[in-house]
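A short worksheet on the structure shown next.
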Amino acid sequence: MKTQPGLEPGAGLRYIGTTPKEMCEPMQSGPAPDHAPNHAPAQDRTAESAVDQPRKRSRLFAMTEASVQPVPAGQEGQLFRRFWRDFLRKRAGLMLLTMLVSALEGSTLGLLSWMLEPLFDEVFASRSGEALIWVGLGILALFVFRALTSILGRWLMAIVNQNNAAEMQVALLRHLLTLDGDFYQKNPPGSLIERVQGDTIAAQATTQLVIAGIGRDLVALIGLFVVALMIDLHWTLVALVGTPLLLLPALALQRYIRRKTGQMRAESSMRATRLDEIFHGIQQVKLNRMEAYQSSRFGVIVDRIRRAEIKSVLGRATMPALVDVVTGIGFFAVLLLGGSEVVAGERTTGEFMAFFTAMALTFQPIRRLSELAGQRQIALASLDRIYALFDTRPRAQRPAVSTARPDHLPPEIRFDNVSFAYDETPVLQDLSFVAPAGKVTALVGASGAGKSTIFHLLTALAVPQSGRILIGGAETDAMSLADQRRLFAAVSQEAALFDESLRENLILGRDTITPAQLEHALEDANVAEFLARLPQGIDASAGPRGSALSGGQRQRVAIARALLADAPVLLLDEATSALDAASEQAVTAALARAQAGRTTLVIAHRLATVREADNILVMDQGRLAEEGTHEALLAKGGIYARLYALQFRD
């Protein structure tokens with residue numbers, strides 16, 4: 001299986017403006033670098049547009065093509081062994097009990113066919129009423145026993161399957177959260193949702209193979225054939241005369257089912273991706289009158305799923321049908337041979353009926369076992385896709401425990417010849433600068449200059465190709481991601497909220513925040529002003545992605561998060577861009593108070609907001625072009641002065 005490179009693992013970043021889960025739970029990475037589509041701040045998207053659009057158009061097709069390739073024969077056993085080692089082995093005892101119960105259920109078929117011989121030969125032939133009652137009670141008890149074992153077996157199997165699926169989903173999500181932003185650019189959310197949900201459920205067909213296939217149906221078949229062999233060896237061999245006819249069709253059907261199943265799983269991922277993008281972009285869909293266009297695109301995907309599913313069902317249904325034909329040939333041969341012997345008086349009616357019943361009862365076990373061949377292919381396709389994700393690794397590794405920490409707080413931040421590229425597109429080139437401890441450093445420049453990439457490198461959402469980043473004298477490579485990200489609280493220009501209460505979006509699962517701290521942050525960020533107008537106040541739902549709030553309200557909630565975060569470094573990415581004049585004035589004052597005693601880095605397009613910064617870094621095409629105070633840069637008459645003149649020429 002292919003292993004995809006990624007960025008770094010990590011844990012626990014209080015990154016205000018992404019998602020609550022990313023801020024309060026351990027994780028490995030977060031949003032993609034600033035030049036990444038759909039994750040990038042607006043000012044840094046220019047450089048990537050030319051190279052990313054072709055990849056966006058082709059990535060789903062490439063994913064589908066990769067997903068429909070059959071699992072190599074040598075890897076089938078490897079997949080099942082990994083699944084056993086990672087998830088099933090810990091439930092071996094429960095699986096063994098389930099298999100035992102299923103085996104008891106399966107054994108009843110052989111006993112039933114065996115009991116028919118005395119029923120015909122000793123009861124009906126002798127017309128014994130007493131024997132009839134005892135044989136009848138025995139058959140009734142057999143059916144009651146079969147019913148009880150059937151209920152118990154299915155209940156135990158549901159426990160095994162649901163526990164496995166739940167554990168696999170949690171483990172897969174935990175692993176996906178360790179992967180880098182580049183991975184999430186190449187794998188859309190809908191595709192990953194389908195793998196976490198759909199593939200993990202489909203993979204449970206493996207336990208069906210073991211428990212239902214071996215435990216119930218195989219035992220039933222063995223019992224029935226034992227009864228048949230006890231009655232007559234020759235009849236049994238005649239009944240199996242058509243079995244060789246199944247071999248080649250069975251092999252061909254398995255390959256066909258595997259191919260169609262893989263295609264269907266890949267198309268299901270594309271369907272989930274399309275729905276995710278439609279619903280998240282519903283305003284743009286409506287504003288641009290794209291309803292018919294999006295419905296048509298979705299219809300094409302659904303139609304491909306429909307055709308693949310129909311073909312897969314046809315393939316799975318063909319195998320039991322072939323079994324029926326072969327079994328019918330065997331029955332016909334036995335009827336001719338055995339019936340003639342009964343007519344000639346060489347065999348009793350009871351023997352023939354017991355044998356014929358045993359052969360008839362093999363129908364359902366054989367049919368179910370033949371259907372398991374199709375389920376096996378479904379499980380293989382899903383396990384292959386799941387373990388392809390598990391085998392994806394971050395591009396770089398960090399120590400679990402930091403070997404270096406900042407020597408003082410708030411820390412000085414230093415970039416030393418740092419370079420970063422997205423694929424083949426350079427974003428930062430030999431960048432060096434120092435952000436003094438406890439001071440405000442502003443980053444300005446044109447869109448695509450790499451300003452937001454600096455934030456992503458600081459918070460380990462991206463990894464530099466070369467150079468060093470030092471925080472308080474400690475190299476970031478020597479720090480665990482949890483320790484590195486704990487140093488930062490950030491407010492981005494895109495404040496994304498979860499569809500949870502405002503309280504949850506603010507507290508982020510941290511039980512150390514006191515009511516007084518929460519109230520103070522709400523007042524400082526000017527959140528209290530609109531909370532009073534909400535019927536449920538702070539317990540009101542933010543709506544999907546914060547859609548129940550205005551842009552300015554979402555931004556103020558994000559700022560309140562930053563105020564609640566006890567971090568020595570504050571990162572502000574156009575933090576007041578969505579606020580009206582009155583709110584901006586109030587929030588600016590709150591941010592000024594938050595900056596006290598902290599090292600602050602500010603990204604700004606509106607130069608009026610950074611005039612009071614202690615130092616201003618002017619970025620141009622990934623390089624540091626100018627540096628100085630507002631007055632010094634104006635006097636220099638360079639890039640900053642020209643940008644300032646463009647904004648204030650009136």
Side-chain angles (χ1 to χ4, degrees), residues 1-13 15 18-33 36-39 55-56 59-60 62-64 66-67 79 82-83 85-87 163-204 265-266 268-277 280 381-398 400 422 456 459-463 480-482 485 496 498-499 508-509 545:
M1 280 171 279
K2 295 181 179 179
T3 299
Q4 301 177 13
L7 296 184
E8 302 194 10
L13 169 65
Y15 195 85
T18 51
T19 61
K21 299 296 183 186
E22 290 174 336
M23 300 168 212
C24 65
E25 296 182 355
M27 64 179 60
Q28 302 280 341
S29 69
N38 299 326
H39 295 288
R55 185 178 67 251
K56 288 176 65 179
R59 66 188 182 189
L60 290 181
M63 184 188 307
T64 303
S67 300
L79 285 173
R82 291 185 66 179
F83 187 39
R85 182 185 67 243
D86 297 340
F87 299 100
N163 287 348
N164 278 336
E167 182 183 1
M168 180 175 279
Q169 288 173 359
V170 173
L172 187 56
L173 177 61
R174 184 180 293 117
H175 174 73
L176 289 174
L177 290 176
T178 69
L179 302 180
D180 55 275
D182 181 66
F183 171 83
Y184 288 99
Q185 293 175 47
K186 297 175 181 177
N187 294 272
S191 171
L192 298 178
I193 290 171
E194 180 63 27
R195 291 201 186 187
V196 173
Q197 290 185 341
D199 283 331
T200 53
I201 295 297
Q204 304 315 311
R265 300 304 309 161
S268 296
S269 295
M270 295 181 67
R271 176 178 59 187
T273 296
R274 180 53 39 207
L275 288 173
D276 177 76
E277 294 189 356
H280 282 153
S382 295
L383 285 174
D384 185 50
R385 285 160 53 86
I386 289 169
Y387 277 109
L389 291 180
F390 276 124
D391 289 340
T392 304
R393 291 290 180 264
R395 182 175 298 166
Q397 300 293 331
R398 288 290 192 89
Y422 179 73
H456 292 157
T459 53
L461 301 181
V463 183
S480 72
L481 290 182
R485 289 173 175 168
F498 268 128
D499 188 10
L508 309 177
R545 293 196 171 186

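Index from 1, following the sequence. Computed from heavy atoms alone, side chains included, the values below leave out hydrogens, waters and symmetry copies.
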Is a side-chain N or O of R385 found less than 3.5 angstrom from the main chain of R195, in a donor-acceptor match?
no

Under 3.5 Å: donor-acceptor pair, side chain of H175, backbone of T392
yes

I need the E194 CD to T200 OG1 distance, nearest 0.5 Å.
9.0 Å

Could you pull out all residues at least two apart from A165 that satisfy side-chain contact (heavy atoms from CB on, under 4.5 Å)?
I201, Q204

Can you list everything that forms a side chain to side chain donor-acceptor pair (under 3.5 Å) with D86? Sequence neighbours excluded, please.
Y387

CG of L389 to CG of D199: how many Å apart, nearest 0.5 Å?
8.0 Å

CD1 of I386 to CZ of F87: how many Å apart, nearest 0.5 Å?
8.0 Å

Closest non-hydrogen atom pair, A202 against S382
CB-OG, 3.1 Å

Mind checking what makes side-chain contact (heavy atoms from CB on, under 4.5 Å) contact with L173, not counting sequence neighbours?
L177

Do you know which two heavy atoms are closest between R485 and L461, and how far apart they sit?
NH2-CD2, 3.5 Å

Under the side-chain contact (heavy atoms from CB on, under 4.5 Å) test, residues paired with I193 that sit two or more places apart
Q197

Can you list the residues that meet the side-chain contact (heavy atoms from CB on, under 4.5 Å) rule with A166, with sequence neighbours excluded?
none

Residues in side chain to side chain donor-acceptor pair (under 3.5 Å) contact with S268, at least two apart in sequence or another chain
none

How long is the straight-line distance from CE of M168 back to CG of N163, given to the nearest 0.5 Å?
12.5 Å

Side-chain contact test, heavy atoms from C-beta onward, threshold under 4.5 Å: evaluate it for T178 versus R174 and give yes or no.
no

Check: T273 side chain, S191 main-chain N or O, donor-acceptor pair, under 3.5 Å:
yes

State the OH-CG distance between Y184 and L192, to the nearest 0.5 angstrom.
6.5 Å

